[in-house]
Amino acid sequence: MTTEELMVKGRIAFLPWVLIGQKISLLGFAFQPITLEEISAFTGPEIAEEAATAIRTHVDQAGKPVEGCTLVLRPRSAVPWDIPDNSWRRLAWAAELLAFSALAEQRFLVNPVFSPHMNAAMFRPVNHAVTAGSRFFSVFYPRRGGGLRVGGRSATNTVFQQPYQVEGTKCGRINNRLIRAILQAERMSPAVFNAVQSALDLWLLANSESPELDIASCNMLSAMSFERLMEPSETSASKLAETFSSLWARFPVRTIGSSPKIKMDNEPTWHAEQQSWPLRRKWIKELYEARSAYVHRGTRSRFRQIGMIGSTSSSQLMCFRWRSNCGWSRSVSTISMTMRSCPVEC
């Protein structure tokens with residue numbers, strides 16, 4: 001191997017546990033689905049073998065090395081496959097947007113057999129530093145307050161097991177319009193964008209299906225993400241529900257009164273008012289009440305649960321909708337979120 005070939009080195013970044021259906025360009029990165037047989041087309045032949053070896057240290061739940069992944073590229077760079085450390089924070093944000101845009105289209109509660117089951121854990125990027133002609137590579141571990149890079153790893157002594165909560169790596173449809181909407185918000189309305197960004201971390205954690213988080217914890221995180229996004233004038237279940245419902249005022253409504261199986265709160269003062277409530281308003285109210293009961297360890301005896309939270313809480317999916325005739329108005333946030341997997345018409 002020549003001296004020039006030995007000097008080929010860099011940090012390869014990829015999503016080992018998800019294979020998206022098509023190339024997605026986002027924040028200066030390209031998320032490119034590949035098989036390892038074709039990796040040289042993206043890295044060049046000088047580093048292809050070493051990159052593929054590093055990627056194959058990731059194995060599925062049967063212990064078989066992955067043969068495909070989503071590779072991260074910087075198309076405008078002289079070395080597109082090399083993702084330097086100073087790009088990592090922006091890449092992490094791009095991966096979060098990719099996860100959100102995929103999860104927002106998930107239909108597994110509507111069609112659990114034929115719709116891919118996804119969660120946020122599938123979209124976490126990793127990176128390994130590789131050098132042409134060397135069997136060793138280094139691994140970066142994110143840490144609280146920074147990170148740790150460990151070198152001297154090789155395929156003979158390194159294995160990364162597919163997480164327990166990632167059953168399959170297939171990815172369904174990705175909402176490109178949603179991605180464009182968020183990026184437009186970053187340019188045109190920083191206040192809206194900052195609200196989205198501050199809410200998204202909590203929402204993705206709630207939808208990671210991590211074994212460490214039970215349903216009540218996911219309820220809490222989901223409710224907190226809605227609260228951070230919408231910033232109601234006062235912190236209460238009723239005010240959050242009112243704010244949430246107002247964002248959807250222009251869309252069709254199915255009321256509690258027209259839904260015989262849906263019960264109102266046990267507290268009598270709510271009975272007359274809740275007859276005309278949209279189901280989505282009741283859903284978000286219950287979600288926040290579940291959050292408060294968990295945080296404060298309080299009783300919920302006066303609440304009436306209607307089955308819109310609980311076992312489905314960790315898969316609450318938000319989608320963003322444009323107010324085409326209002327521009328960037330924070331009163332409607334230009335953004336609203338609902339649960340695509342809601343088990344009843346909302």
Side-chain angles (χ1 to χ4, degrees), residues 103-112 178 199 203 206-207 215-216 218-220 222-294 298-326 329-346:
L103 292 172
E105 294 298 318
Q106 190 161 239
R107 300 293 198 280
F108 70 86
L109 286 181
V110 177
N111 192 343
L178 171 57
W203 187 84
N207 287 275
I215 290 174
C218 293
N219 279 334
M220 177 191 68
S222 292
M224 290 171 63
S225 70
F226 280 100
E227 189 176 11
R228 294 186 74 171
L229 177 76
M230 293 183 288
E231 295 181 334
S233 58
E234 63 181 65
T235 304
S236 68
S238 59
K239 183 56 68 173
L240 182 68
E242 180 183 333
T243 304
F244 180 85
S245 185
S246 68
L247 296 174
W248 290 89
R250 63 188 293 225
F251 296 101
V253 171
R254 180 180 173 184
T255 65
I256 295 177
S258 64
S259 308
K261 295 183 179 180
I262 306 302
K263 305 300 181 183
M264 293 165 288
D265 288 354
N266 291 332
E267 195 169 302
T269 55
W270 286 106
H271 283 188
E273 180 181 346
Q274 288 188 345
Q275 286 282 346
S276 60
W277 275 22
L279 295 188
R280 51 182 171 254
R281 183 170 179 176
K282 186 68 164 66
W283 169 78
I284 193 71
K285 180 175 180 290
E286 286 193 8
L287 179 65
Y288 192 83
E289 289 167 345
R291 167 260 186 213
S292 297
Y294 182 76
T299 177
R300 288 182 289 175
S301 60
R302 70 181 186 278
F303 305 147
R304 182 74 181 190
Q305 299 296 305
I306 61 175
M308 300 181 74
I309 61 173
S311 61
T312 63
S313 62
S314 63
S315 61
Q316 288 152 356
L317 306 181
M318 305 183 293
C319 66
F320 287 57
R321 297 197 182 262
W322 290 98
R323 285 286 301 241
S324 59
N325 61 350
C326 71
S329 169
R330 186 57 190 273
S331 63
V332 294
S333 296
T334 312
I335 298 168
S336 54
M337 298 191 289
T338 190
M339 191 173 76
R340 273 283 178 90
S341 56
C342 182
V344 294
E345 183 183 348
C346 297

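The model shown is predicted, which means the values in this text are computed figures rather than measured ones.
The OH atom of Tyr288 sits 12.0 Å away from atom CE of Met220, with the distance rounded to the nearest 0.5 Å. Distance check, rounded to the nearest 0.5 Å: CG of Asn207 to CD of Gln106 gives 8.5 Å. For the atom pair Glu286 CD and Lys282 NZ, the distance stands at 3.5 Å (nearest 0.5 Å). Note that the OH atom of Tyr294 and the SG atom of Cys218 stand 9.5 Å from one another [nearest 0.5 Å]. Summarising the geometry, atom CZ belonging to Arg291 is positioned 11.5 Å from atom OG belonging to Ser225; distances are rounded to the nearest 0.5 Å. Atoms CD and CE, from Glu273 and Met264 in turn, are 11.5 Å apart once rounded to the nearest 0.5 Å.
No donor-acceptor distance shorter than 3.5 angstrom exists from the side chain of Ser222 to the backbone of Asn219, with no hydrogens or angles considered.
No side-chain heavy atom of Thr255 sits under 4.5 Å from any side-chain heavy atom of Leu279. Considering only heavy atoms from C-beta on, Leu103 comes within 4.5 Å of Trp203 through its side chain. The side-chain heavy atoms of Arg280 and Val253, taken from C-beta on, include a pair separated by under 4.5 Å.
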Inset, instruction - Go through Asp265 and Lys285 one step at a time and tell me if the side chain to side chain contact (heavy atoms under 4.5 Å, CB included) criterion holds. - result: CA-CA 10 Å; Asp265 288 354; Lys285 180 175 180 290; 2.4 Å; yes
Legend entry - Stepwise side chain to side chain contact (heavy atoms under 4.5 Å, CB included) test for Phe244 and Leu229: CA-CA 10 Å; Phe244 180 85; Leu229 177 76; over 6 Å; no
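Scored by the side-chain hydrogen bond (donor to acceptor under 3.5 Å, both in side chains) test, Gln275 finds no partners at all (sequence neighbours excluded). Under the salt bridge (Lys or Arg N to Asp or Glu O under 4.0 Å) criterion, Glu227 pairs with no residue at all, not counting sequence neighbours. With sequence neighbours excluded, the residues that form a side chain to side chain contact (heavy atoms under 4.5 Å, CB included) with Ser238 are Ser236, Trp270.
Listed by first and then second residue, the salt bridge (charged side-chain N to carboxylate O under 4.0 Å, His left out) pairs that reach into residues 235-249 are Lys239-Glu242, sequence neighbours excluded.
Ring planes of Trp283 and Phe226: perpendicular class, angle over 60° (limits at 30 and 60°).
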